[in-house]
Amino acid sequence: MLPEGKSDMERIGIFKELGYISIGDKYTPFIYRPFNDSAYKNKQMLSGRAKSKSALQVGYFDTQFKRIFEREAFTDPVKIERQYRIQQTKRNIGKAFLPSNGEKKTCGVGSYYGTFGGPIQAMSALQNPRKPNKSPGKNIYSNPPKKGSGYGYPDVTLSKMVSHSSDPYDRAKEMLKREIMAHKSMLKGGAFRLNLHPVECFDSNPYKFDKPLPPPKKTEEKKHITVPFKPSSPSKKTGGMKAGAFDSYPTYSAEPYGSKNTKSAMMNKEVKIFHPSPGPKSTPVKSIISLNVNKAVNSTNYNRIPSVMAY
């Protein structure tokens, strides 16, 4: 902390600012610091302009074009094709086939001039021997088709009609009944029962009711009035009396029995009832404005105080 400056608490809000790691050298402003001294000292790298692509070696790093293969054998495709043809001709057995004469042209429709076989002897007048004709025989005789779609029409299909067989309605039930009767006839005694048969409760069911239930109560049928009710005269308005009612005012009857004091009322007379002390009560208080006026305005200075309202 400098002796003439502000304290650390006033500057940054802490008790003491930590010291910085330094060797005591002076601070140099940023504008006086050298930056990239080598950029403006000695010779610099000068790049040339961009070169266009061509068949020359200009624009590449290497001065001479380097091949991928060095000192490989030269192959001539024309020479290879000639050698292949010579090998194919050596495989021939004789000389090349040469026709004796040129091709001959026909001189009209039906002419055999210029063919290998010559005329064909198929159109001669001689008759070839034939086998004797044998009739194929008569066709199969069948009855005319029967009318009907097949469903619900008897004897209209290829197979014979199925004969009727009776099928009783309760046949399965009767067979089961016969089996049960035959099984019971083979039994010698009754069914074997143990005393350890599981029951719902250990003791008898207390909620079980063996007595027969009483007959249900008959409900009286309500008679429906078919004729609507019509009053004898129009309704009357109440004018502080029972003019529109069916009955007149009931007669007054005195209470035959006297009033009975309850137990709570008797207890209240003997025992004193606890009444809590009342809380603080409000009193009239003068307003603060009137108190300030009384304190500020007196008989000596009432002429010098300006009025609040101009009237």
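Only heavy atoms go into these numbers, but all of them, side chains included; no hydrogens, no water, no symmetry mates.
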What distance separates [X] [atom1] from [Y] [atom2], expressed to the nearest 0.5 Å?
| X | Y | atom1 | atom2 | answer |
| --- | --- | --- | --- | --- |
| I180 | H183 | CD1 | NE2 | 9.0 Å |
| Q57 | K66 | CD | NZ | 10.0 Å |
| E174 | L176 | CD | CG | 11.0 Å |
| Q83 | D76 | CD | CG | 9.5 Å |
| D170 | K177 | CG | NZ | 10.0 Å |

Ignoring hydrogens, what is the shortest heavy-atom contact between [X] and [Y]? Give both atom names and the distance.
| X | Y | result |
| --- | --- | --- |
| K16 | D8 | CA-OD2, 3.4 Å |
| R91 | Q87 | CG-O, 3.5 Å |
| I14 | I12 | CD1-CD1, 3.2 Å |

Taking everything shown except M175 itself, do over 12 heavy atoms lie less than 6.0 Å from its CE?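 No, not enclosed.
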